[in-house]
Amino acid sequence: MNELVRFALVAFYPREGDLPGLAELGVDEKIERLRRESTRLFWFGLVAAAVFFQLSPIVTLYRPWPAVFLDEEQLDQHAHRLATFPIYAIRQLLVLLKLVAGM
């Protein structure tokens with residue numbers, strides 16, 4: 001589950017010019033710590049959001065495969081389209097992922 005959550009978090013904060021991406025900042029240890037210290041309900045919500053992120057390219061990019069198979073440009077487009085999706089509940093799932101990634 002940690003790798004699933006890690007992939008979703010890193011997708012929102014890639015390397016940009018001189019600024020390091022989330023993958024370069026030791027996110028694995030922080031996810032482990034979050035899993036140990038958070039409530040089961042919070043962790044369940046985070047995993048559910050990560051699973052949704054993986055399965056939703058069919059909705060955003062019209063591609064019938066998980067987000068892990070997208071290239072860098074498609075992954076960025078997928079994340080942007082989910083963050084601006086017209087259904088509020090879907091955008092809220094992404095807010096949870098962005099919130100945790102920002103911490």
At their closest point, which heavy atom of [X] faces which heavy atom of [Y], and how far apart are they?
{"X": "Val47", "Y": "Met1", "answer": "CG1-SD, 3.4 Å"}
{"X": "Val5", "Y": "Ala50", "answer": "CA-CB, 3.9 Å"}
{"X": "Gln54", "Y": "Leu4", "answer": "CG-CD1, 3.4 Å"}
{"X": "Leu94", "Y": "Ala83", "answer": "CG-N, 4.4 Å"}
{"X": "Leu61", "Y": "His78", "answer": "CD1-CB, 3.8 Å"}

Distance in Å, [X] [atom1] paired with [Y] [atom2], rounded so as to fall on 0.5 Å steps:
{"X": "Ile90", "Y": "Arg81", "atom1": "CD1", "atom2": "CZ", "value": "14.0 Å"}
{"X": "Asp71", "Y": "Gln77", "atom1": "CG", "atom2": "CD", "value": "9.5 Å"}
{"X": "Arg36", "Y": "Ile31", "atom1": "CZ", "atom2": "CD1", "value": "12.0 Å"}
{"X": "Asp76", "Y": "Glu73", "atom1": "CG", "atom2": "CD", "value": "8.0 Å"}
{"X": "Leu22", "Y": "Arg15", "atom1": "CG", "atom2": "CZ", "value": "12.5 Å"}
{"X": "Leu99", "Y": "Gln92", "atom1": "CG", "atom2": "CD", "value": "10.5 Å"}

Q) Do Phe12 and Phe7 have ring centroids that are under 6.0 Å from one another? A) no
Answer yes or no: is there a side-chain heavy-atom contact under 4.5 Å between [X] and [Y]?
{"X": "Trp65", "Y": "Ile58", "answer": "no"}
{"X": "Thr39", "Y": "Phe44", "answer": "no"}
{"X": "Val59", "Y": "Phe85", "answer": "yes"}
{"X": "Leu34", "Y": "Leu46", "answer": "yes"}
{"X": "Lys98", "Y": "Tyr13", "answer": "yes"}
{"X": "Phe69", "Y": "Gln74", "answer": "no"}

Counting neighbours of CD on Glu37 that are heavy atoms of other residues, nucleotides or ligands and sit closer than 6.0 Å, is the number greater than 12? yes
Do [X] and [Y] belong together in a cluster built from hydrophobic side chains that touch within less than 4.5 Å?
{"X": "Val10", "Y": "Leu25", "value": "no"}
{"X": "Val95", "Y": "Leu93", "value": "no"}
{"X": "Leu41", "Y": "Leu96", "value": "no"}
{"X": "Leu82", "Y": "Tyr62", "value": "no"}
{"X": "Leu9", "Y": "Leu55", "value": "yes"}

### Message
Can a donor-acceptor pair be found, under 3.5 Å and without considering hydrogens, that links the side chain of His80 to the backbone of Leu75?
### Response
no
